[in-house]
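Treat the numbers as computed from the prediction; the structure is a model and nothing was measured. Values below: all heavy atoms of this structure, side chains included; hydrogens, waters and symmetry mates excluded.
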Amino acid sequence: MTTLVTGATGNTGRHVVAELVRRGEPVRALTRNPAAAARRFPAEVELVAGTHTTPESLDAALDGASRLHITVTAGLAEVGPDLVRRAVGAGVRRITVVWGGDVGPVEQAVADSGVEWTRLEPQEFMSNTFNWIESVRTEGNVREPYNFPSALVHEADIAAVAAVALLDDGHAGRVYNLTGPESLTPRQRIAILSRAIRRDIVFVPITHEQAVDRLVATGESRADAEYVIGWYSAPNDASTAVVDTVEQVTGRPARTFAQWTVEHAERFQAPALRPPS
């Protein structure tokens with residue numbers, strides 16, 4: 001009963017792999033570079049080369065897999081339904097899918113697959129805070145256009161829910177909205193991060209247009225950048241309201257943002273403040 005995890009080195013995928021290993025389950029990790037990934041996973045993880053955006057190349061990866069975890073990422077909408085068809089044809093009988101923000105072609109293909117499926121609908125990932133690393137390290141500030149609250153969820157909690165849905169009965173056809181235990185504004189997150197790294201961080205407001213231009217400079221299309229910043233400008237109820245789904249499914253409370261900052265504090269430290277190696 002092997003589980004194939006796509007995007008196995010990504011923010012959620014790596015946690016799914018770790019959770020399955022923790023539960024003593026055989027797991028196959030799909031990655032573009034198995035040699036590099038080998039340093040990140042224990043020896044019992046089976047590493048297979050490939051990417052879920054080229055499903056026609058995944059016959060070997062799917063061979064013998066009975067469960068599949070998919071994270072919907074850029075570029076998957078067009079080929080994701082083919083991935084689902086190939087997986088079901090290869091014998092996969094249970095699928096979890098982390099949505100891409102709405103019910104698109106991949107999410108619909110999973111729901112129509114004819115096998116057991118569970119859709120995970122996490123709100124904002126705590127790992128989005130990594131976008132602040134450079135400005136925090138070099139300037140001690142964070143530049144954001146809005147200060148609305150967000151019920152951020154820890155990636156490991158998304159993975160824990162995925163593992164339960166993959167391994168345990170009773171989750172077929174369920175759609176799980178996932179949040180952390182508190183809704184925090186950027187200013188509140190900055191205060192928590194400041195305590196974790198023991199350094200004051202200043203919130204610097206910027207305009208909507210400046211935020212869009214910043215994303216475009218990283219390679220995003222202007223349309224995608226407008227969509228992302230627009231989401232922050234008008235958060236909906238689901239993105240701000242705290243729900244206890246993580247605890248209901250896993251039996252333990254969702255991790256806090258303070259826990260996340262302690263886990264990743266070193267990445268935000270200024271070079272001069274890092275201890276010598």
Side-chain angles (χ1 to χ4, degrees), residues 3-8 10-13 15-17 19-20 23 25 52 55 65-88 92-128 149-183 227-228 231 234-255:
T3 301
L4 175 65
V5 178
T6 71
N11 286 330
T12 56
H15 286 293
V16 175
V17 171
E19 187 66 21
L20 292 170
R23 293 183 58 157
E25 294 292 330
H52 57 336
S66 57
R67 299 180 290 248
L68 173 66
H69 177 76
I70 303 170
T71 299
V72 177
T73 57
L76 190 60
E78 297 79 6
V79 299
D82 185 36
L83 169 64
V84 174
R85 286 192 296 270
R86 289 174 182 272
V88 172
V92 166
R93 291 296 173 261
R94 186 172 288 180
I95 301 173
T96 52
V97 56
V98 176
W99 75 336
D102 56 18
V103 179
V106 186
E107 294 86 349
Q108 193 60 53
V110 170
D112 295 339
S113 65
V115 301
E116 295 184 9
W117 59 271
T118 306
R119 185 166 69 244
L120 310 183
E121 298 186 351
Q123 299 306 315
E124 184 177 4
F125 290 13
M126 291 183 184
S127 60
N128 284 357
S150 176
L152 303 99
V153 60
H154 196 303
E155 298 75 36
D157 284 334
I158 301 170
V161 173
V164 170
L166 285 165
L167 302 177
D168 300 344
D169 294 332
H171 303 279
R174 302 294 298 273
V175 176
Y176 290 133
N177 174 31
L178 304 177
T179 76
E182 53 196 344
S183 190
Y227 174 81
V228 171
W231 184 88
N236 57 38
D237 290 344
S239 68
T240 60
V242 171
V243 295
D244 64 352
T245 312
V246 170
E247 184 169 8
Q248 291 295 323
V249 175
T250 68
R252 56 160 188 73
R255 295 167 173 88

Taking salt bridge (Lys or Arg N to Asp or Glu O under 4.0 Å) as the definition, give me every residue that meets it alongside [X], ordered by chain and number, with sequence neighbours left out.
| X | result |
| --- | --- |
| Glu25 | Arg67 |
| Glu121 | Arg119 |
| Arg23 | Asp168 |

Rounded at 0.5 Å granularity, tell me how far [atom1] in [X] sits from [atom2] in [Y].
| X | Y | atom1 | atom2 | answer |
| --- | --- | --- | --- | --- |
| Asp244 | Leu178 | CG | CG | 11.0 Å |
| Thr96 | Ile158 | OG1 | CD1 | 11.5 Å |
| Glu19 | Leu167 | CD | CG | 9.0 Å |
| Gln123 | Thr240 | CD | OG1 | 8.5 Å |

Which heavy atom of [X] sits nearest a heavy atom of [Y], and at what distance?
| X | Y | answer |
| --- | --- | --- |
| Val72 | Trp99 | CB-C, 4.0 Å |
| Leu68 | Thr3 | N-CG2, 4.5 Å |
| Leu152 | Phe125 | CD2-O, 3.8 Å |
| Val246 | Thr179 | CG2-O, 3.9 Å |
| Gly180 | Val242 | O-CG1, 3.4 Å |
| Trp117 | Ala111 | NE1-O, 3.5 Å |

Show me the donor-acceptor pairs within less than 3.5 Å that the side chains of residues 76-86 make with the rest of the protein, sequence neighbours left out.
from	atom 1	to	atom 2	distance (Å)
Asp82	OD1	Arg86	NE	3.3
Asp82	OD2	Arg86	NE	3.0

Full working for side chain to side chain contact (heavy atoms under 4.5 Å, CB included) between Thr245 and Val161: CA-CA 9 Å; Thr245 312; Val161 173; 5.8 Å; no
Result of checking His15, Glu247, Arg252, Met126 against Asp157 for side chain to side chain contact (heavy atoms under 4.5 Å, CB included):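 Single pass found, and it is Arg252.
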Check: Thr118 side chain, Val97 main-chain N or O, donor-acceptor pair, under 3.5 Å: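 Answer holds: no.
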Test side chain to side chain contact (heavy atoms under 4.5 Å, CB included) applied to Arg93 and Val88, step by step: CA-CA 7 Å; Arg93 291 296 173 261; Val88 172; 4.0 Å; yes
4.5 Å side-chain heavy-atom contact, His171 and Tyr176: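 Yes, their side chains come closer than 4.5 Å.
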Listed partners of Ser66 passing side-chain hydrogen bond (donor to acceptor under 3.5 Å, both in side chains), at least two apart: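 side-chain hydrogen bond (donor to acceptor under 3.5 Å, both in side chains) check on Ser66 returns nothing, list empty.
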Could you pull out all donor-acceptor pairs under 3.5 Å where a side-chain atom in residues 102-109 meets a protein atom, sequence neighbours excluded?
from	atom 1	to	atom 2	distance (Å)
Glu107	OE1	Gly104	N	2.9
Glu107	OE2	Gly100	N	2.9
Gln108	NE2	Asp112	OD1	3.2
Gln108	NE2	Asp112	OD2	3.3

Residue pair Thr71 / His52, side-chain donor-acceptor N/O under 3.5 Å: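 No pair is found: no donor N or O on one side chain lies under 3.5 Å from an acceptor on the other.
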